[in-house]
Amino acid sequence: MTFKKPKWIRRIGAALLDFICAILLMLILSFATTPIVNKIFNGDELKKEYYSYAIATKLYTYDENNNIQIIYDVKTFDENLTYFYNNCTENKIDEYINKKKESSLFHYDEATNSYVEKEYDYNDSKIRVQYTNFYVEIRDYCIKNYLDAYLNKNENYKVVARKVSMLNYTSTLSAFVLSLLIIYLLIPLINKDNKTIGKMFFKLLLISKVNDNINPSKLQILFRQLVLILFEFVFSISFIGLIGFPVPLGLIASIILALFTKYHQSLHDICASTILIDDDYINKPIDEGDKYEITYYNLKEVK
């Protein structure tokens, strides 16, 4: 039988549309998976312990909803930054003193032998902003240059940090896998033409290479989509939890196969004996070189 080859731009467009749908659905599902994963792995207590190390540096605090936030109160900035420099930077307090000395916002107080804020009306927003900007610059400098080095000296912190990282990774992975199952498996299985959203939009059709009635069986579709999900997506992103970034080996292998196999079959098509064709081929002439010549055989007759 003769079928029309799909244009590459349509194959790519369908793949991108399906992936975009999966990402958008993942973001929606994450609102459900995050609290579920937290509940299962006692994530709230784990994050509370994790945040306590940052709170102890006095660069962070809790807001009225008991969520961690960076310090931003001009009334406590000086006290908190002084504490951080004295306790978390290997005694680099001179650095902070020199910054005050160079600023016109402070003066030397002989009684305390230190540089203190000049007297000003706290209700004067312009002056308050100047002080806030001064402290914020130093706070951000401390966070960038000293905070991680200080926290990572604590072995308990590093253990908790790894657990929190894996908790977040598990939550994201759960949402992503669920979105893949819905977009790439559930929708094709309930669709009469076994199409994903991308294939419906770009008018692409899956046919079977082994069934003479053309239509792939539900078992073929199930097997095809599971190979796509598990090997080409999940296998790739699983490296994030191990080395910090995805290594899409399965996806790369599938793309290479699609480029060089006879019927441009991806890995999941080869495994399931399916072929992607143009769904708009019926009753239309097909140019030479723009078609697939497929000879079917019946599996039941093969000994």
Side-chain angles (χ1 to χ4, degrees), residues 26-27 30-31 33-35 37-103 105-106 114-115 117 129-176 236-248:
M26 179 195 74
L27 296 176
S30 64
F31 289 103
T33 59
T34 298
V37 170
N38 281 342
K39 186 75 172 178
I40 294 173
F41 296 100
N42 202 21
D44 290 337
E45 289 299 318
L46 186 63
K47 289 180 179 179
K48 186 176 180 180
E49 181 182 356
Y50 172 67
Y51 292 144
S52 68
Y53 292 99
I55 295 292
T57 66
K58 293 190 179 294
L59 292 184
Y60 293 85
T61 186
Y62 288 114
D63 62 16
E64 62 274 8
N65 296 318
N66 211 31
N67 296 317
I68 190 170
Q69 69 172 17
I70 202 166
I71 57 167
Y72 204 79
D73 184 1
V74 71
K75 292 182 178 180
T76 63
F77 259 127
D78 185 45
E79 177 185 344
N80 291 7
L81 287 171
T82 300
Y83 176 89
F84 182 82
Y85 266 106
N86 276 327
N87 295 277
C88 310
T89 63
E90 297 180 350
N91 199 28
K92 293 183 181 292
I93 189 65
D94 287 344
E95 180 180 282
Y96 184 37
I97 294 172
N98 288 334
K99 289 182 182 295
K100 285 183 174 182
K101 184 178 180 180
E102 295 167 2
S103 173
L105 299 174
F106 300 85
S114 63
Y115 284 87
E117 296 176 0
V129 166
Q130 291 179 34
Y131 278 100
T132 300
N133 290 339
F134 172 84
Y135 289 127
V136 165
E137 182 180 344
I138 297 173
R139 178 203 64 192
D140 293 346
Y141 176 85
C142 289
I143 291 173
K144 180 180 179 181
N145 293 279
Y146 299 132
L147 183 62
D148 282 345
Y150 170 73
L151 292 176
N152 281 298
K153 290 179 181 178
N154 189 321
E155 290 299 323
N156 291 331
Y157 167 80
K158 290 195 286 187
V159 171
V160 174
R162 282 194 294 268
K163 289 181 179 180
V164 169
S165 178
M166 286 303 300
L167 185 74
N168 294 332
Y169 167 72
T170 301
S171 177
T172 302
L173 180 62
S174 300
F176 188 53
S236 297
I237 66 172
S238 63
F239 282 93
I240 297 177
L242 299 175
I243 60 178
F245 56 89
V247 182

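Side-chain rings of Tyr135 and Phe77 approach one another, their centers coming within less than 6.0 Å. Between Tyr60 and Phe84, the gap from one ring centroid to the other reaches at least 6.0 Å.
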Check the pair Tyr53 / Tyr150 against ring pair (Phe, Tyr, Trp, His ring centres under 6.0 Å), numbers first and verdict last.
CA-CA 10 Å; Tyr53 292 99; Tyr150 170 73; 9.5 Å; no
From CA spacing to verdict: side-chain contact (heavy atoms from CB on, under 4.5 Å), Val136, Arg139:
CA-CA 5 Å; Val136 165; Arg139 178 203 64 192; 3.4 Å; yes
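In this structure, Glu49 does not pair ionically with Lys163, as no charged nitrogen and carboxylate oxygen lie closer than 4.0 Å. Under 4.0 Å is where a charged nitrogen must lie from a carboxylate oxygen, and between Lys99 and Glu102 no such pair does.
For Asp63 (side chain) and Asn65 (main-chain N/O), a donor-acceptor pair under 3.5 Å exists by modelled atom type. Looking only at distances, a side-chain donor or acceptor of Thr57 sits under 3.5 Å from a matching main-chain atom of Ala54. Judged by distance alone, with hydrogens and angles left aside, the side-chain atoms of Asn38 form no donor-acceptor pair with the main-chain N or O of Asp44 at under 3.5 Å. Not one N or O on the side chain of Ser171 forms a donor-acceptor pair closer than 3.5 Å with the backbone of Leu167. Formation of a donor-acceptor pair under 3.5 Å by the Ser165 side chain with backbone atoms of Ala161 is not found in this model.
Looking at Thr61 and Gln69, their side chains come closer than 4.5 Å, going by heavy atoms from C-beta outward. Contact check for Tyr62 versus Ile55: side-chain heavy atoms found under the 4.5 Å cut-off.
Here the OH-OG1 distance, from Tyr83 to Thr76, works out to 14.0 Å after rounding to the nearest 0.5 Å. Here CE of Met26 is found 6.5 Å from OG1 of Thr172. Values are rounded to the nearest 0.5 Å. Distance check: Ile93 CD1 to Asn86 CG gives 4.5 Å after rounding to the nearest 0.5 Å. Note that the CG atom of Asn98 and the NZ atom of Lys100 stand 11.5 Å from one another [nearest 0.5 Å]. One distance of note links OG1 of Thr89 with CG of Leu147; it measures 11.5 Å at 0.5 Å rounding. Between atom OH of residue Tyr96 and atom CD1 of residue Ile138 there is a gap of 5.5 Å, rounded to the nearest 0.5 Å.
Ring-plane geometry between Tyr141 and Tyr146 is classed as perpendicular, the angle between the planes exceeding 60 degrees on a 0 to 90 degree scale with a lower cut at 30.
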